[in-house]
Amino acid sequence: MPRRIPFLLLSIAFAVVFALAASADVAHAQSGHFVGTPTCSDVGTEVRCTGKVAGLGGTTFEITVTASGTGSIECTNPGGNVAPGQSFTTDVGGSTGPQPTPRNGQFRFNLETLEPTAPPGSCPNPQWTAEVVDVEFGDATITLEENGVVSDTITVPVT
């Protein structure tokens with residue numbers, strides 16, 4: 001019977017060491033973060049965000065930006081006359097796409113969202129052409145992922 005207690009203690013100690021080692025790998029893979037506060041600007045119908053991330057430790061990383069706003073549309077008839085269309089709410093987004101992690105674990109980004117398109121029925125006649133001419137944005141949310149896992153998220157005003 002005395003031999004079972006040291007074996008049990010050794011098994012528990014091994015399990016604790018293994019659990020600590022496994023959790024250290026998970027924390028290392030998700031240590032990326034934004035340095036300071038990124039800035040986002042309204043550039044007409046898109047949002048441009050710039051900033052820096054550091055502490056990247058995964059194999060790949062990706063930065064995405066999303067923003068909501070109210071778009072303004074102009075409608076052009078077949079004769080070339082322009083008239084205001086309806087306003088609409090829109091969500092825009094953009095991404096760096098998956099990037100290999102730099103050796104120094106830091107990356108400066110300059111990311112722009114895609115331009116929104118006018119929803120169907122924005123103009124009074126299907127013969128007319130709808131064009132999004134401006135979007136008034138609120139806040140933008142920027143997300144950093146490492147190896148497909150979110151490491152950091154920040155929401156900033158679009159100026």
### Query
Side chains of C40 and I142: does their closest heavy-atom pair fall under 4.5 Å?
yes

### Task
Using a 4.5 Å cut-off on heavy atoms from C-beta on, say whether the side chain of F109 contacts that of P38.
yes

### Message
Going by side-chain hydrogen bond (donor to acceptor under 3.5 Å, both in side chains), name the pairs with one or both residues in residues 64-73, residues two or more places apart or in two chains.
### Response
S68-D91

### Query
What distance do S31 atom OG and L56 atom CG have between them, rounded to the nearest 0.5 Å?
7.5 Å

### Task
Mind checking the CG-SG spacing from N81 to C75? Nearest 0.5 Å is all I need.
12.0 Å

### Query
Has the side chain of E112 got a donor or acceptor atom that lies under 3.5 Å from a matching backbone atom of E46?
no

### Task
Kindly work out whether a path of hydrophobic side-chain contacts (I/L/V/M/F/W/Y, heavy atoms less than 4.5 Å apart) joins V156 to L144.
yes

### Query
Okay, side chain of D139, backbone of T155: is any donor-acceptor separation there less than 3.5 Å?
no

### Task
Determine yes or no for a side-chain-to-main-chain donor-acceptor pair under 3.5 angstrom, with N147 supplying the side chain and T60 the backbone.
yes

### Task
State, with a plain yes or no, whether a side-chain heavy atom of V65 is found less than 4.5 Å away from one of T113.
yes

### Task
Quick one: pull up NE2 in H33 and CD1 in I154 and give me the separation to the nearest 0.5 Å.
11.0 Å

### Task
Apply the side chain to side chain contact (heavy atoms under 4.5 Å, CB included) test between V135 and each candidate in V47, V158, D42, T90; give the one that qualifies.
T90

### Query
Quick one: are T159 and T39 in side-chain contact, heavy atoms under 4.5 Å?
no

Distance-only donor-acceptor hits, side chain of residues 96-107, under 3.5 Å, sequence neighbours excluded:
| residue | atom | partner | partner atom | Å |
| --- | --- | --- | --- | --- |
| T96 | OG1 | I63 | N | 3.1 |
| Q99 | NE2 | T96 | O | 2.9 |
| T101 | OG1 | G58 | O | 2.8 |
| T101 | OG1 | T59 | O | 3.2 |
| N104 | OD1 | Q106 | N | 3.0 |
| Q106 | OE1 | K52 | NZ | 3.0 |

Counting only pairs under 3.5 Å, give me each side-chain donor-acceptor contact of residues 115-132, with atom names and distances, residues two or more places apart or in other chains.
| residue | atom | partner | partner atom | Å |
| --- | --- | --- | --- | --- |
| E115 | OE1 | T45 | OG1 | 3.4 |
| S122 | OG | P119 | O | 2.5 |
| N125 | OD1 | Q127 | N | 2.7 |

### Summary
Heavy-atom closest pair (V82 atom, E74 atom, distance to 0.1 Å) is CG1-OE1, 3.6 Å

### Query
Counting only N and O atoms by type, is there a donor-acceptor contact under 3.5 Å from the side chain of E146 to the main-chain atoms of G32?
yes

